[in-house]
Amino acid sequence: MIELYHVQKDFRGKRVLRDVSFQMSRGDFVFLTGPSGAGKTTLLKLLFRAEQPSDGQILVNGMNVGAMPPSRIPELRRTMGIVFQDYKLLPTRTVFENVSFVLKFLGVPTQERKRRAYQTLRMVELHHRLSAFPEELSGGEQQRVALARALINEPELLIADEPTGNLDRRLAEEVMKLFTAINVRGTTVLLATHDQDLIRGSGRRCLTLDRGRVLEGLVEPSAPPPAALLERGGPLAEGEP
Amino acid sequence: MSGRRTSALTALLDEAAQGLWRARRMTVVSVLQIAVSVFLVGVFFLTAENLRGIVETVKDETAVTVFLKAAASEEEKAEIERLAMESRLVARSRRVSTQEAGARFAATWQSLARASSSLASSPFPETIELDLLPDATRSEALPGFLSLLAARKGADDVQFDVDWIRRLRGAVALIAVWGGAVGFFLALGAVFTIANVVRLTILLHRDEIDILRLVGAPEYLIRGPFLIGGLAQGFLGGTLAVGVLYLAFRGVLRYVSATHNVLIGAFIVRFLPPSACALLVVGGLLAGVIGGSIAVRKKHLQA
């Protein structure tokens, strides 16, 4: 799914990433951690070609991301969902529009868009806020909308950059449960966070960035999988849009 | 697949319409700017068109008019005609009676017809019109021939207005060139206005553009709504300008008819032909497309 070989990244002569190599398989859930400024965001940006590596090779779903011509970048990005710390929701659009406008531009008919938006928002428990605007939602709800937007195109890979950075502990844990549920459904997740409390006890593989280098680790599990969330994210019942 | 394409096209149009609506103040300013530019070009076109019309209706360039004395006998008239046909400069000769001249004047100068009919006697003398052969205007024998005609006993005056008409045509050409030049600069102004309006719209939508890129929307779907927006603004501006121009033309006609203004009445003859109206609308549309294209260049979208 994701393969990095000896990747380096320089910014104005300063080396931000040094000889980064790691692999992720389909269905993995991996944390990327490290202090602020360690290069987590840069590493994620390399994966969806918002940045180009200075050296080394990056393969995502078999596509050579670094050598890819700009015209193929949209194709790469359509295979993944991206979630940001600041949500990046459009303030003038409703929850439904925020979640579904990607599909609108991909030519998905209105009824199908409505059905998929409802289904995805139901998974993040916001199907009752379809007509709300982002400013009417709490931080946790906004992040769940952003997550729904990332998931609506059914990506194989979900990349999240500090998705709980603006949330309090309770909301952060709720959002983390969603990521876990999404991963159990088969989506590969790479989640960058500096919050060690979220990682602790997760039982997940953890990549730590330290002065531009990646250190491997595995966190011991301390909680059972969130079965209740999995049920909520299941198929739609009869009569639902 | 075709359904998806149709939906994507619908989405493009929908987004373009929403974009124009969200930035409606700027949209109105842009449409008005284009309309003013196209309107001014249209005024030049209309002036040139009417001057051209005057040239066409006043006199044929290759026609000589011999004004006859009121007391000219039939023999004297016939002698002028014979002289003309034997000159090898004239293709046709025809007599125009006082009544026929009056009717022609009334048809051409409608606003003056009432004034002429109120006179006790007709101001239009009987004439003989001579159509010159195509090369006759360049013949060295022409001035002598005209003098000979003027010296005939039955002739009162000989009119051959080629120089005056040429000067008028020169003025028409000059106005057309000036109109073109002014139109070019006005169109350039409209293009940059639209480019700036579209660029401001892009700034308003920068977050959306970023997000669309992150989710893998193709470039044409990102740029499309802005281009369509520019095109719509240009079309609206061009159409508005032609509409206002037509209303202004009708207003002037109404004014002439109400005031019997001879001077304006002599110049206002006809509105622009449909092809010229279409050209003005297309001009506005092109200004919109070019302005939109300038604004959606990659460097601006990434700004």
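In what follows, chains carry the letters A, B, and so on, assigned in the order in which the sequence lines appear, proteins first and then strands, with residues in each chain numbered from 1.
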Distance-only check: which donor-acceptor pairs under 3.5 Å involve side-chain atoms of residues 39-46 of chain A, not counting sequence neighbours?
{"unit_1": "K40(A)", "atom_1": "NZ", "unit_2": "G34(A)", "atom_2": "O", "d": "2.8"}
{"unit_1": "K40(A)", "atom_1": "NZ", "unit_2": "P35(A)", "atom_2": "O", "d": "3.2"}
{"unit_1": "T41(A)", "atom_1": "OG1", "unit_2": "D161(A)", "atom_2": "OD1", "d": "3.4"}
{"unit_1": "T41(A)", "atom_1": "OG1", "unit_2": "D161(A)", "atom_2": "OD2", "d": "2.9"}

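- Of the candidates L90(A), L89(A), I82(A), L90(A) is the only one forming a side-chain contact (heavy atoms from CB on, under 4.5 Å) with I211(B).
- Applying the salt bridge (charged side-chain N to carboxylate O under 4.0 Å, His left out) rule to E97(A) yields no partners; only residues at least two apart in sequence or on another chain are considered.
- Crowding of R24(B) atom CZ: a count of heavy atoms from other residues, nucleotides or ligands under 6.0 Å exceeding 12.
- Residues Q18(B) and K104(A) share a closest heavy-atom pair of NE2-NZ, 3.8 Å.
- Interface remark: T92(A) contributes side-chain atoms only to the contact with chain B (heavy atom separation under 4.5 Å).
- Counting non-hydrogen atoms of neighbouring residues, nucleotides and ligands closer than 6.0 angstrom, the CZ atom of F235(B) reaches no more than 12 such neighbours.
- Neither the backbone nor the side chain of I73(A) comes within contact range of chain B, judged by heavy atoms closer than 4.5 Å.
- Contact of R49(A) with chain B is not made at all, since no heavy-atom distance falls under 4.5 Å.
- Distance check: F84(A) CZ to L214(B) CG gives 4.0 Å after rounding to the nearest 0.5 Å.
- The shortest non-hydrogen separation linking G216(B) to P74(A) is O-CB, 3.3 Å.
- Remark: F133(A) CZ is packed, more than 12 non-hydrogen atoms of other residues, nucleotides or ligands lying under 6.0 Å away.
- Other residues, nucleotides and ligands place more than 12 heavy atoms under 6.0 Å from the NE2 atom of H127(A).
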